[in-house]
2 protein chains.
Amino acid sequence: MMPFKEMARLNKLIHEPARLAIMSALNACTMAEFLFLQELTGLTKGNLSSHLSKLEKAGYILINKQFVRKKIPHTTIRITNEGKAALHNYWEQLDRIREVTKKWQKD
Amino acid sequence: MMPFKEMARLNKLIHEPARLAIMSALNACTMAEFLFLQELTGLTKGNLSSHLSKLEKAGYILINKQFVRKKIPHTTIRITNEGKAALHNYWEQLDRIREVTKKWQKD
DNA sequence: TTTTATGGTTTATAATGCAAACTAGTTAAA
DNA sequence: TTTAACTAGTTTGCATTATAAACCATAAAA
């Protein structure tokens, strides 16, 4: 496929900056707490929460809600193998497209 | 800045897939006709038109509307120096963030 | 002279990102 | 002891956005 066409159709679930940041952080951490993830990404809680929901729905992350002393919520998040693969593929695809784009010349 | 924070705040004007494709194509072509650009990116005319408007408004491209024999519209588009610089900076920033991210470890 | 094609733009809609407001519980202060 | 403020998130509403459908003006074809 023409590289520009492929570029215009990138996986937006991962491509979106906030989610790309979340996925990259989780890929480095393996596991992170909600508040720590908020600190790492600089997102608001509401924003982080809704992005996490989308990533969970896609099967890219696992969200574990625990209650400290059965009272205080404490949420931990980890990336799934599927999520790791999706992130890896995203970067590979982007790199490949860029390579092709560099060599591309109008005929 | 924390790499994930920076990632979450990427320049969305360029980051958006359709516009990233347009900018990359124009960067390779120097100049392109509207329909050629549509073919390269696979976007619909309406979609391409509105993305071009945004890029023009940002000063990243120049749109030249001519009329063949004063009748048929014929639009050519070229990237500006500012646009080239913005695209270049975008890739450089992304590469740098990725580098830092690779090395990053939770303390 | 009605139909089809060209080269786009405008309009309408559906989706999305975002933060403000909210919830449910806890601890601290008055 | 009731009020206030904090914690750890979720839900709601708004504003922006991407997208394609509908549209417009002209030309060529049937």
Side-chain angles (χ1 to χ4, degrees), chain A residues 4-26 31-58 60-78, chain B residues 4-26 31-58 60-78:
Chain A
F4 311 110
K5 255 182 200 166
E6 208 178 340
M7 197 174 265
R9 294 173 187 168
L10 280 168
N11 175 354
K12 286 189 187 174
L13 187 61
I14 288 199
H15 184 73
E16 201 285 324
R19 287 191 294 267
L20 192 57
I22 294 169
M23 292 293 285
S24 299
L26 290 174
M31 179 193 288
E33 293 152 32
F34 184 94
L35 292 178
F36 180 58
L37 208 47
Q38 193 199 348
E39 198 188 321
L40 284 184
T41 59
L43 298 169
T44 61
K45 289 174 184 177
N47 203 356
L48 176 58
S49 177
S50 73
H51 282 304
L52 288 178
S53 295
K54 285 178 191 176
L55 292 170
E56 184 186 33
K57 200 172 163 189
Y60 290 173
I61 64 172
L62 283 176
I63 300 178
N64 193 295
K65 289 169 197 177
Q66 300 176 340
F67 290 87
V68 175
R69 296 196 307 282
K70 306 198 175 181
K71 299 293 182 178
I72 300 173
H74 184 84
T75 303
T76 57
I77 302 117
R78 67 177 70 211
Chain B
F4 311 110
K5 255 181 200 166
E6 206 178 341
M7 198 174 264
R9 294 173 187 169
L10 281 167
N11 175 355
K12 287 188 185 172
L13 187 61
I14 288 199
H15 185 72
E16 201 285 325
R19 286 189 295 265
L20 191 57
I22 293 169
M23 291 293 285
S24 299
L26 289 175
M31 179 194 287
E33 292 152 32
F34 184 95
L35 293 177
F36 180 57
L37 208 48
Q38 193 198 349
E39 198 188 321
L40 284 183
T41 59
L43 299 169
T44 60
K45 289 174 185 178
N47 204 357
L48 176 56
S49 177
S50 72
H51 282 304
L52 289 178
S53 296
K54 285 177 191 177
L55 292 171
E56 184 185 32
K57 199 172 163 188
Y60 290 172
I61 64 171
L62 283 175
I63 301 179
N64 192 297
K65 290 171 197 175
Q66 299 176 338
F67 290 87
V68 176
R69 294 197 306 283
K70 306 199 175 180
K71 298 294 183 175
I72 301 174
H74 183 84
T75 302
T76 58
I77 301 117
R78 66 179 70 211

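Residue numbers start from 1 in every chain, and the chains themselves are labelled A, B, ... in the order their sequence lines are given, proteins ahead of strands.
A search for side chain to side chain contact (heavy atoms under 4.5 Å, CB included) contacts involving B/Glu56 returns B/Ile61, B/Ile63, not counting sequence neighbours. With sequence neighbours excluded, the residues forming a side chain to side chain contact (heavy atoms under 4.5 Å, CB included) with A/Ser49 are A/Phe34, listed by chain and number. A search for side chain to side chain contact (heavy atoms under 4.5 Å, CB included) contacts involving B/Ala25 returns A/Phe4, B/Leu37, B/Leu40, not counting sequence neighbours. Contacts of A/Glu16 classified as side chain to side chain contact (heavy atoms under 4.5 Å, CB included), with partners at least two apart in sequence or in another chain: A/Ala18, A/Arg19, A/His51, B/Lys12.
For the atom pair OG1 of B/Thr75 and CZ of B/Phe67, the computed distance is 7.5 Å after rounding to the nearest 0.5 Å. Of the inter-residue distances, the one linking B/Lys54 atom NZ with B/Ser50 atom OG reads 5.5 Å to the nearest 0.5 angstrom.
Distance, B/Arg9 CZ to C/dG17 P: 17 Å, rounded to whole Å. The interatomic distance linking B/Lys54 (NZ) with C/dT10 (P) rounds to 14 Å, in whole Å. In this structure, the CD1 atom of B/Ile14 is 18 Å from the C1' atom of D/dA18, given to the nearest Å. Separating the CZ atom of B/Phe36 from the C1' atom of C/dG8 is a distance of 18 Å, rounded to the nearest angstrom. For the pair B/His15 NE2 and D/dT16 C1', the computed distance is 16 Å after rounding to whole Å. Atoms CG (B/Leu13) and P (D/dT16) sit 15 Å apart, rounded to a whole Å. Between the C1' atom of C/dA15 and the NZ atom of A/Lys57 lies a distance of 12 Å, rounded to the nearest Å. Atom CD1 of A/Ile77 and atom P of D/dA8 are 13 Å apart (whole Å).
Between D/dT10, C/dG17, D/dA18, one nucleotide has an atom nearer to the side chain of A/Lys12 than all others, and that is D/dA18. Closest contact between the side chain of A/His51 and the listed nucleotides D/dA18, C/dG17, C/dG7 involves C/dG17. Candidate nucleotides C/dG7, C/dG17, D/dT19 were compared by shortest atom distance to the side chain of B/Leu35, and C/dG7 ranks first.
The side chain of A/Arg19 contributes an N or O atom lying less than 4.0 Å from OP1 or OP2 of C/dG17. In this structure, A/Lys65 reaches the D/dT10 phosphate: one of its side-chain N or O atoms is under 4.0 Å from OP1 or OP2. For B/His74 and C/dT6, the shortest distance from a side-chain N or O to OP1 or OP2 is not below 4.0 Å.
Taken over five-pair windows at either terminus, the axes of the helix from C/dT1-D/dA30 to C/dA30-D/dT1 are inclined to one another by 30° (rounded to 10 degrees).
A/His15 places a side-chain N or O within 3.5 Å of a backbone atom of B/His15 that can act as its donor or acceptor partner.
B/Ser50 comes within 4.0 angstrom of a base, heavy atoms only.
Position along DNA chain D of the nearest nucleotide to A/Ser53 versus A/Ala8 favours A/Ser53 as the more 5'-ward residue. Where A/Glu16 and B/Leu52 meet DNA chain C, the nucleotide closest to each residue was compared, and B/Leu52 sits on the side nearer the 5' end.
Looking only at side-chain heavy atoms (C-beta outward), A/Lys45 and A/Leu35 come within less than 4.5 Å of each other. Counting heavy atoms from C-beta outward, B/Ile77 and B/Leu62 have side chains that stay 4.5 Å or more apart.
Heavy-atom distances under 4.0 Å link DNA chain D to B/Thr44, B/Gly46, B/Asn47 of residues 37-49 of chain B, given in residue order.
Closest non-hydrogen pair, B/Gly42 versus A/Arg9, comes out as O-NH2, 4.3 Å.
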